[in-house]
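In listed order, ligands and their atoms are each counted from 1.
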Amino acid sequence: MRTLYLDAFSGVSGDMFIGALLDLGVKLSDLEVALKQLHVTGYTLQAERTAKSAIYGTNFDVVLDRGTKDHGFVEGPHNHHGRHLSDIVQLIQSSDLKATVKQHAIAIFQDIGQAESQVHQVPLTNVHFHEVGALDSIVDIVGSCICLDLLHVDQIKCSTIADGSGFINVAHGEMPVPVPAVAQMLTERPIPVQQHPEIHTELLTPTGLGLVKEFVTEFGPLNSQMAVQKVGYGFGKRETGRFNALRAMVVTTAQSQKETVATQDQVWVLETNLDDQTAEGIGFAQSQLLTAGALDVYVTPVQMKKARPGVLLTVLAAENDRERLVTAMLKYTTAKGIRYTQMARTVMKRHFTTVSYKGMPIRLKVATYHDIHRVTPEYEDCQTAAQKLDVALETVMAGVQAQLS
Ligand SMILES: O=C([S-])c1cc(C(=O)S)c[n+]([C@@H]2O[C@H](COP(=O)(O)O)[C@@H](O)[C@H]2O)c1
Ligand code: NI
């Protein structure tokens, strides 16, 4: 199992995150090529490998072109509100980025947007990304999602995240650290943050926390099961009086005994019947629940009381995710209550391995159950290869399968 471990002893920001992943080996040129799919101009990416406190790492920056308004996009006749959340979501949605990159980036913007909406008490639709201009935020957030995609890891873990203390000056004026958006973003689920009273500045930014919340599935220190393969540093810009960087490590974990032998586990089946929500609302809820970590979400037509046609919304959740997903179901649907039951299931043992097809990495999902073996090329990787090679998806999938036989 290939894991990205984030050692956030000096917090996390968008720049630090991208810097650390570039330092781990993601190519700046690959990031630039992928970012072009967003169809936004007016910026340059800068990545310099340099030493701080005699430790080499990468200083990453998004430099806006001189004279470019910090609206976020090249302004078109219908676009005068480049900083609003809905415009950013629309920009990402209509881009040619990879589907998973789009999905993660939008989820992060929505999370920051929700916090901003709460802090400033403005409707979500009116939230704008005010501090450094939308273009920086877009490139930082989308760029981070691209870098992660290019790094090819199976999971992401993180240490306790350091933040500073005191006050900083930002667009709204003086703000306490953790900054209000960060404090608000911490309210949803337990995320270990440790303030350092001796550091009088911000270490954890809204973008940094948004990335952590979207991708990290486990918090804690390095442990004896983790074999460190590679280390990278992404430098922070603020003067903290200490070594200011995000340390990122690629670690491999031997498959645990449980993973190797277990073919049975427990899942929660969460259900609710809906007869008063629009099709659009149900579709949105479905995508939010998947983003929130549901194993699966599906909708079945049912005939309800008073002869009303309705739907049964079913969510499959991992053992520890029940409460979070029940809350999300109540938040995104018109349901007043959720039924749940725990079910045993038999699952095939699964692991990933990577092969190369015409120079492009394709992950293979290998599933085993007794003498049944199934190898499936990952759809997302085949899609990227098909796009780059300008061939049909089936050509890549068949080519990969042919290599295996
Ligand atoms: O909306 C945003 S991005 C935002 C909200 C707040 C509040 O706490 S409210 C603070 N800031 C500050 O802006 C800079 C840049 O943040 P990024 O996340 O875009 O890197 C940083 O100092 C934030 O604390 C931004
Ligand atoms: Ni704000």
Show me which atoms of ligand 1 lie under 4.0 Å from any heavy atom of Val179. 8 (O), 24 (O)
When you check the side-chain N and O atoms of Ser165 and Gln195, is any donor under 3.5 Å from an acceptor? no
Test salt bridge (charged side-chain N to carboxylate O under 4.0 Å, His left out) applied to Glu32 and Lys27, step by step: CA-CA 9 Å; Glu32 283 168 336; Lys27 287 205 185 85; over 6 Å; no
State which residues pass ring pair (Phe, Tyr, Trp, His ring centres under 6.0 Å) with Tyr5; sequence neighbours excluded, sorted by chain then number. none
For Val182 and ligand 1, does the shortest N/O to N/O distance drop below 3.5 Å? no
Against heavy atoms of Arg238, which atoms of ligand 1 measure under 4.0 Å? 22 (O)
Will you find, in the side chains of Ser10 and Asn244, an N or O donor that is under 3.5 Å from an N or O acceptor? yes
As an exercise, identify every atom of ligand 1 less than 4.0 angstrom from a heavy atom of Thr205. 18 (O), 20 (O)
Does the ring centre of Phe235 sit less than 6.0 Å away from the ring centre of Phe60? no
Is there a heavy atom of His120 sitting under 4.0 angstrom from any atom of ligand 1? yes
Going by distance only, is there an N or O of Asp140 that falls short of 3.5 Å from an N or O of ligand 1? no
Report the part of Lys237 (side chain from C-beta onward, or backbone N, CA, C, O) that has a heavy atom under 4.0 Å from ligand 1; answer both or neither where that applies. neither
Aromatic rings Phe215 and Phe17: how do their planes relate, parallel, tilted or perpendicular, breaks at 30° and 60°? parallel
Could you list which atoms of ligand 1 come closer than 4.0 Å to a heavy atom of Met175? 7 (C), 8 (O), 9 (S)
